Amino acid sequence: MRIWVDADACPAPIKEILFRAAARTGVAVTLVANHPMRVPPAADVTLLQVAQGFDVADHEIVARLEPGDLVVTADIPLAAEVLDKGGLALNPRGQRYAPDTIRARLGMRDFMETLRASGIHTGGPATMSASDRQAFANQLDRILTAHARGAG
């Protein structure tokens, strides 16, 4: 298993949780971004910088993804592609995307995008809270534990 991070929009506290998980478990974490960013000097953590452009990082993640890999992203269309390819997808608030609910989430995303395009202010996501960070860490731990059990 490899963890791919849609890193341009991933909050710093979530990246720190991922860095600690990589150090603890030895699972490789690759941040994919279209600009330089700091990563710890660890063998299990790398940065893959891609060209600027719409969805370039997303396309690179999908192209490199293997079944069973985990992708951390808040991008619902990317999550849908990951699930279609046999990967796992987790958003930075600890919500795991599931094949049986991803189409409904895509529909709601498209609906909200239509509202925004017509000038209706829909607000943005709430500020990331300590409970969001804890939910992410807990879900990540469940996924890594299940992976370790399957590999052993």
Side-chain angles (χ1 to χ4, degrees), residues 1-113 124-126 128-129 131-152:
M1 169 191 268
R2 174 177 289 277
I3 299 174
W4 299 94
V5 184
D6 185 6
D8 288 317
C10 186
I14 299 306
K15 291 176 195 164
E16 292 300 324
I17 292 168
L18 289 162
F19 298 157
R20 287 193 303 273
R24 186 179 75 247
T25 65
V27 172
V29 173
T30 302
L31 283 72
V32 183
N34 59 25
H35 65 278
M37 60 179 55
R38 183 196 65 77
V39 296
D44 297 324
V45 179
T46 57
L47 171 66
L48 174 60
Q49 189 174 341
V50 297
Q52 295 285 329
F54 185 71
D55 287 343
V56 174
D58 297 0
H59 296 307
E60 191 66 32
I61 290 170
V62 171
R64 293 173 180 249
L65 179 75
E66 296 290 332
D69 284 355
L70 171 64
V71 175
V72 176
T73 184
D75 185 314
I76 297 170
L78 173 57
E81 287 187 77
V82 167
L83 294 175
D84 287 345
K85 203 167 170 188
L88 307 171
L90 179 64
N91 84 14
R93 294 179 188 271
Q95 300 162 340
R96 191 164 165 183
Y97 297 99
D100 57 338
T101 59
I102 194 70
R103 299 294 164 223
R105 289 184 82 157
L106 276 168
M108 180 56 73
R109 175 203 168 273
D110 292 345
F111 173 71
M112 296 302 283
E113 195 170 282
M128 179 159 283
S129 68
S131 63
D132 291 329
R133 290 188 296 276
Q134 187 62 52
F136 177 83
N138 290 343
Q139 189 64 256
L140 178 64
D141 189 56
R142 283 186 209 102
I143 292 168
L144 294 173
T145 299
H147 168 71
R149 286 185 181 146

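Because the structure is predicted, anything quoted here is derived from the model rather than measured.
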Evaluate side-chain contact (heavy atoms from CB on, under 4.5 Å) for Ile143 paired with Ile3, printing each intermediate quantity in order. CA-CA 11 Å; Ile143 292 168; Ile3 299 174; over 6 Å; no
Stepwise, does the side-chain contact (heavy atoms from CB on, under 4.5 Å) test hold for Ile14 with Asp132? CA-CA 10 Å; Ile14 299 306; Asp132 291 329; over 6 Å; no
With sequence neighbours excluded, what pairs up with Gln134 under the side-chain hydrogen bond (donor to acceptor under 3.5 Å, both in side chains) test? Asn138
side-chain hydrogen bond (donor to acceptor under 3.5 Å, both in side chains) partners for Glu60, two or more places apart: Arg64
Taking distance alone, no hydrogens or angles, what donor-acceptor pairs closer than 3.5 Å link side-chain atoms of residues 29-43 to residues at least two apart or in another chain?
residue : atom : partner : partner atom : Å
Thr30   : OG1  : Arg2    : NH1          : 2.6
Thr30   : OG1  : Thr46   : OG1          : 3.2
His35   : ND1  : Asp8    : OD1          : 2.8
Arg38   : NH2  : Glu16   : OE2          : 2.6

For the residue pair Arg93 and Asn91, what are the closest heavy atoms and their distance? N-OD1, 2.8 Å
Check step by step if side-chain contact (heavy atoms from CB on, under 4.5 Å) holds for Tyr97 and Val82. CA-CA 10 Å; Tyr97 297 99; Val82 167; over 6 Å; no
Does the side chain of Val71 come within less than 4.5 Å of Glu81's, by heavy atoms? no
Atom pair [atom1]/[atom2] of [X] and [Y] - distance to nearest 0.5 Å:
X      : Y      : atom1 : atom2 : answer
Ile61  : Lys85  : CD1   : NZ    : 11.0 Å
Asp58  : Thr73  : CG    : OG1   : 6.0 Å
Leu18  : Leu70  : CG    : CG    : 8.0 Å
Arg133 : Ile17  : CZ    : CD1   : 7.5 Å
Leu83  : Asp100 : CG    : CG    : 9.5 Å

Evaluate Leu144 against Arg24 for side-chain contact (heavy atoms from CB on, under 4.5 Å), listing each step before the verdict. CA-CA 11 Å; Leu144 294 173; Arg24 186 179 75 247; 4.3 Å; yes
